[in-house]
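If you scroll down you'll find the structure; I have some questions about it.
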Amino acid sequence: MSDALRNADNYCYRHPDRQSFVLCQRCGRTICPECQTQAAVGVHCPECVREARQSAPRTKPRIVSAMSSSSDKPVATYALMGASVLGFLISLISGTAIYAIAYLQGSVAVYPWTIFTANFANTSFISVLFNLLALFFIGRTLESMLGRGRFLALFFLSGLGAVVATELLGGAVVGASSAIFGLLIAMFVIQRNMGSNNYGLLILVGLYLVYSVVVDNGAWVGYVGAIVAAALASLIFVRTRRISQVQQQRLLLGGLGAVLIVIAVAHALV
Ligand SMILES: [Zn+2]
Ligand SMILES: [Zn+2]
């Protein structure tokens with residue numbers, strides 16, 4: 001990694017070797033998962049927590065503060081993994097049950113929830129295994145770098161991208177793998193912004209895309225949609241990093257989600 005590209009703002013101020021996107025809500029400095037303590041709004045760094053404790057007496061029992069400070073656990077990733085397993089179990093119940101959660105062209109008109117549940121539709125053991133491994137290795141890292149809310153927004157925006165592409169261009173069913181492609185691309189964009197060029201991720205995505213064009217005929221449409229949506233979401237993350245831009249970031253992410261949902265609904269209804 002070149003030092004010229006390396007921006008100290010992207011690293012924990014207490015652990016300069018750890019990349020992170022999460023800022024202390026009080027002082028605005030970057031903090032890694034280990035240094036985050038959940039506050040009423042956002043997270044606080046250890047120094048701000050100490051200062052706040054000195055000015056206000058401890059009101060909660062020690063056990064409560066010990067539990068609430070566990071913001072370093074990637075609970076969103078584990079929840080998505082659990083939902084993926086649930087999606088796979090549904091496909092085992094019957095071959096058709098999966099269509100209640102997967103997304104087909106026009107699904108939004110009949111089963112509107114599928115624009116979100118498609119992210120958990122696994123139709124084979126290989127598919128659920130691939131998704132669980134990808135979430136375990138990439139999801140946990142992204143969640144700790146982005147924070148829980150941004151990570152979940154990225155995951156569901158990727159899924160919406162896949163839905164919109166399938167809606168507009170046809171193609172196969174949207175299932176759980178699409179959002180995973182979004183996570184891979186987000187990882188690349190964010191790491192690149194932090195000064196490291198992880199082209200291995202791009203090669204991995206490229207190879208899998210070629211494979212799905214040749215073998216899967218159709219699933220690649222959703223993958224490409226997820227990649228585009230995730231790239232846009234990642235650009236929003238890296239361009240609105242300052243604490244003063246929190247509101248702007250929420251508006252942009254919400255706007256992107258709203259535009260995707262409107263396109264899907266409008267296309268399915270006409
Ligand atoms: Zn602070
Ligand atoms: Zn740290």
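Order of appearance sets the numbers: ligands from 1, and atoms from 1 within every ligand. It should be emphasised that the depicted structure is a prediction, and the values quoted were computed from it without experimental measurement.
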Only to 10 degrees, please: what angle do the SG atom of C35 and the SG atom of C12 make about the Zn ion (ligand 2)? 110°
Distance check below 2.8 Å: does H44 bring an N, O or S atom to the Zn ion (ligand 1)? no
Degrees at the Zn ion (ligand 1) between the SG atom of C48 and the SG atom of C24, nearest 10°: 110°
Quick test of your reading of the model: are E143 and R150 salt-bridged, counting only N-O distances below 4.0 Å? no
Does R239 make a cation-pi contact with F237 (under 6.0 Å, within 45 degrees of the axis)? no
Atom CZ in R29, atom SG in C45: separation rounded to 0.5 Å? 5.0 Å
What's the atom name of the N, O or S in H15 nearest to the Zn ion (ligand 2)? ND1
Roughly, to 10 degrees, what angle do C45 atom SG and C27 atom SG form around the Zn ion (ligand 1)? 120°
To the nearest 0.5 Å, what is the distance between CD1 (I101) and OG (S107)? 11.5 Å
More than 12 heavy atoms of other residues, nucleotides or ligands under 6.0 Å from OH of Y13: yes or no? yes
